[in-house]
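Below is one structure, written out as structure tokens; comments come after it.
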Amino acid sequence: ISLSPGSLSTHFCGSGNLINLSANTVVDTDQNGVSRLSNTCVGAYELIPDAYTLEVTNEQCEGEGSFRNAILTANKLDESIPVSIVFDFEGKGTKTICLDTTVTLLRRNLTIDGSTYPDSIIIKATDNTFEGLKVSSCGKSDANKKVTIKGLTFKGFFEAVYVFGTNNVLVDSCSFDSNYVGVYNRSSDVSVEKSVFTNNDNGLYTSYVWIINCDGYKYRTIVKNNIFGLSADQKIAMPNKIGINIGGTSSGSTGDHELR
């Protein structure tokens, strides 16, 4: 391997994509510049992993080691292999990641796990005119694929987490503060659990059927063990204008929702 030219960081790869581990980017050739699976050298021997792990290592809006780059990389990887995004910052204390545009996550088995860092991680908008994290897979529902968003605080977005045209999404142990909408669901089987909603115009908003180049979905939201309008310790009042907003249509239907 040491005699093979190229960066050794490009050795590890998944089915369909070669990963540069140092930059979380996907390339199409081996380290000799040869198309993969065609005369690959021993230094570019390919293994198919059981799972990918991508690390967020800084608070930058974009670029190597950023939250945005980790999600964009996940979007490019083989959909059949689960991906975990973890956080490994230098030092301690609250970390704030500012976003200036929406980050779109395409449907796949993915866990974004803020609990991998011991202190708070705030995903903050530079202004309140755009969505923060958009989960979308226009018309491609798949019960075997699940997106989990865990242990993050979203602040100052128009819609902090926007779930559109997909299914099987879990928002777990997150906080939503000072957004126009904390979680906006326009999909089926979206669970919001153990999360805190404070100072939002709408803590959680969900409605019925919307069709824009997608299959129609009967929206279903499961809301369980959350806190609305109080601090996490439930000692300080921090009211939302509307805690849970279940919108309807002209037919009067509001979907099939479950509140616990």
Side-chain angles (χ1 to χ4, degrees), residues 67-68 71 85 94-105 110-115 120-136 146-208 210 217 219-248 254-255 257-260:
F67 179 62
R68 182 188 300 275
I71 292 176
I85 294 177
T94 298
K95 303 296 182 180
T96 301
I97 298 170
C98 290
L99 297 181
D100 55 8
T101 57
T102 300
V103 180
T104 299
L105 167 62
L110 173 70
T111 298
I112 302 173
D113 191 355
S115 70
S120 297
I121 301 172
I122 300 174
I123 312 296
K124 185 177 181 181
T126 55
D127 62 64
N128 64 351
T129 61
F130 60 94
E131 297 128 2
L133 185 59
K134 180 178 180 180
V135 184
S136 178
K146 183 174 184 178
V147 173
T148 299
I149 303 164
K150 182 178 181 180
L152 299 174
T153 295
F154 293 86
K155 188 169 186 176
F157 291 95
F158 182 68
E159 291 152 357
V161 174
Y162 177 35
V163 187
F164 174 63
T166 185
N167 70 328
N168 207 13
V169 175
L170 170 62
V171 178
D172 180 23
S173 303
C174 290
S175 294
F176 299 89
D177 182 65
S178 302
N179 305 283
Y180 181 71
V181 180
V183 177
Y184 187 6
N185 178 31
R186 289 166 67 179
S187 299
S188 61
D189 293 313
V190 174
S191 296
V192 182
E193 302 180 9
K194 295 177 287 186
S195 294
V196 179
F197 296 81
T198 56
N199 302 316
N200 303 286
D201 279 40
N202 298 267
L204 185 150
Y205 183 89
T206 188
S207 56
Y208 184 49
W210 195 270
Y217 287 89
Y219 297 167
R220 183 169 186 262
T221 308
I222 300 171
V223 183
K224 182 168 62 175
N225 298 329
N226 300 281
I227 298 173
F228 289 86
L230 292 172
S231 58
D233 61 9
Q234 303 186 44
K235 294 182 178 180
I236 302 174
M238 305 174 71
N240 306 282
K241 289 185 179 179
I242 301 174
I244 301 174
N245 189 341
I246 302 178
T254 56
H257 307 296
E258 182 177 338
L259 307 180
R260 300 183 189 177

(request) Kindly say whether Glu193 contributes a backbone atom to a donor-acceptor pair with the side chain of Ser195 at under 3.5 angstrom? (result) yes
(message) Please check: side-chain N/O of Ser231 versus main-chain N/O of Ile236, any donor-acceptor pairing under 3.5 Å?
(response) yes
(message) By the definition side chain to side chain contact (heavy atoms under 4.5 Å, CB included), identify the one residue from Leu99, Leu105, Thr101 that meets it with Val103.
(response) Leu99
[atom1]/[X] to [atom2]/[Y] distance, rounded to the nearest 0.5 angstrom?
{"X": "Phe67", "Y": "Leu152", "atom1": "CZ", "atom2": "CG", "value": "6.0 Å"}
{"X": "Ser187", "Y": "Asn185", "atom1": "OG", "atom2": "CG", "value": "5.0 Å"}
{"X": "Lys194", "Y": "Lys150", "atom1": "NZ", "atom2": "NZ", "value": "7.0 Å"}
{"X": "Ile123", "Y": "Ile97", "atom1": "CD1", "atom2": "CD1", "value": "4.0 Å"}
{"X": "Ile244", "Y": "Ile242", "atom1": "CD1", "atom2": "CD1", "value": "11.5 Å"}
{"X": "Thr96", "Y": "Ile122", "atom1": "OG1", "atom2": "CD1", "value": "4.0 Å"}

Please give me the minimum heavy-atom distance between [X] and [Y], naming the atom from each residue.
{"X": "Asp100", "Y": "Thr126", "result": "CA-OG1, 3.4 Å"}
{"X": "Cys174", "Y": "Gly151", "result": "SG-N, 3.7 Å"}
{"X": "Phe130", "Y": "Ala125", "result": "CZ-CB, 4.0 Å"}
{"X": "Leu204", "Y": "Val223", "result": "CD1-CG2, 3.9 Å"}

(message) For a 4.5 angstrom cut-off between non-hydrogen side-chain atoms, does Val171 reach Phe176?
(response) yes
(request) For the residue pair Leu133 and Ile112, establish whether any side-chain heavy-atom pair is separated by less than 4.5 Å. (result) yes
(message) Tell me whether the rings of Tyr184 and Tyr205 are parallel (<30°), tilted (30 to 60°) or perpendicular (>60°).
(response) perpendicular
(message) Going by side chain to side chain donor-acceptor pair (under 3.5 Å), name the residues that satisfy it together with Asn200, two or more places apart in sequence or in a different chain.
(response) Asn179, Asn240
(message) Closer than 4.0 angstrom, basic N to acidic O: yes or no for Asp189 and Lys146?
(response) no
Contacts under 3.5 angstrom, residues 153-160 side chains, donor-acceptor by atom type, not counting sequence neighbours:
none

(message) I'd like to know if the side chain of Asn199 pairs up with that of Asp177 as donor and acceptor (distance under 3.5 Å, no hydrogens or angles considered).
(response) yes
(request) Write out all pairs satisfying salt bridge (Lys or Arg N to Asp or Glu O under 4.0 Å) with one or both partners inside residues 226-238, taking only residues at least two apart or from two chains. (result) none
